[in-house]
Amino acid sequence: MPVFYYYPLYAVCINALHSYLAASLYIRWYGLFNRADFISDSEWNRFIDFSEKLETPNIVINLHQIKFNYIKLRDAFPYAQVYYAVKSNPGDPVISLLDELGSNFDIASRYELDAVLAHGIHPDRISYGNTIKKARDIKYFYDKGVRMFATDSKDDLKNIAEQAPGSRIYVRVLIENTTSADWPLSRKFGCHPDMAYDLIVMARDLGLTPYGISFHVGSQQRDIGTWNDAIAKVKYLFSALEEEEEIRLTMINMGGGFPAHYIQAANDLHTYAAEITRYLHDDFGDEIPHIILEPGRSLVGDCGILTSEVVLVSRKNNTALQRWVYQDAGKFNGLIETMDESIKYPVISSKDGKDAKEGEVILAGPTCDSADIMYEDFKYKLPLSLKAGDKLYWLSAGAYTSTYASVAFNGFPPIKTYYME
Ligand SMILES: *Cc1c(COP(=O)(O)O)cnc(C)c1O
């Protein structure tokens, strides 16, 4: 009965493999990562010199790194036009830099519009990408010269036809499979492809210019295959509209979703580009429509470090193994994307490397709201010697942090941002 002999051996091997995998997962998930995986020693030293004397909490944005990321994106998608999603980091030096690099801008409100126009950026480099907007704000954009609008509903489309006659329209479709995105966006925005079809026909009938289809697969989308499904839906719409309505759409806006570098691994940008480009050719052959990308996180996420100061380290009972680490940044001043522990920033301390012994911590913010806890289920490890006054460095905190903060909850001012060349 050789089966009986070999089966246990086989089981032992599988067990060993499982333990090995569990151990590597442990390393990946429990904060035992290497700072060097996220930032080079020379950039780290430059950052420390720059930030040492700054009041905490603060965010330091590395403009040089944004330039690097922009060029990397352009090289990965040479056929695409970039519309930077301004909301991800609307800092003036960021806008200036991306203006110089030739980026266009995806804008979500009249306030963002004013901020971008103040740089002298021409309105034909701007798209009003928010599908939720007041009629008077559409008029405001139109009066300033913007002629490209996103929509996903009939009422909004009617408003655009009235307030921004003749403008180019693209319709955002819903992408349902967003469980693999760390920060999903799609449920709130977009419509079913059948409705997108109707909206494009309606846009033509209202005297607007049907331009294309957009989607957003969810921010920090780790499943590249999601773009495949989305592009297939777009292809179906392009073909149906051309065959049945003689409307020839010419643009696909593939949104954002490209990765920044957090604890949970994602493929590198070139892998995304290679796969997505292949999907486009699979569906459209050699005649790929005009492609727009709206990156936010992938351009600026890796380019910021948020520094906080430890306010208090405590235990909830005398024998508790876990420490609570309260520090001066939290959900209300920069770290809102830790909601549901969605985005897992690499966090290191000023004691990093100086004290080998680490223990599990619960990381919380400084306000009197119990929602102001960043990580409790997911256990970060920090040095056992950590104490008030030490600093914590939240790496890859350049996106959705600087303006994603309350103005004065509990009296705490919004987090300050500094820019390093
Ligand atoms: C927020 C947003 C983006 C940026 O998405 P990232 O995942 O940060 O790159 C792009 N397009 C639209 C319409 C958005 O709302």
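Here the structure is a predicted model, which is why all the values come from computation and not from measurement. Just so you know, ligand 1 is whichever comes first in the structure, and atom 1 is the first atom listed for that ligand.
A tilted orientation is assigned to the rings of F47 and W44, their planes being inclined by 30° to 60°. The aromatic rings of Y128 and F141 sit parallel, their planes meeting at an angle under 30°, below the 60° perpendicular limit.
The side-chain tip of K344 does not point at the ring of Y375 from less than 6.0 angstrom away and within 45° of straight on. Judged by the 6.0 Å and 45° rule, K233 forms no cation-pi pair with F215.
In the model, Y272 has no side-chain atom that pairs as donor or acceptor with a side-chain atom of Q221 under 3.5 Å.
Remark: E244 CD is packed, more than 12 non-hydrogen atoms of other residues, nucleotides or ligands lying under 6.0 Å away.
Every protein residue with a heavy atom nearer than 4.0 Å to ligand 1 is included here: A85, K87, D106, R172, H216, S219, G256, G257, E294, P295, G296, R297, Y400.
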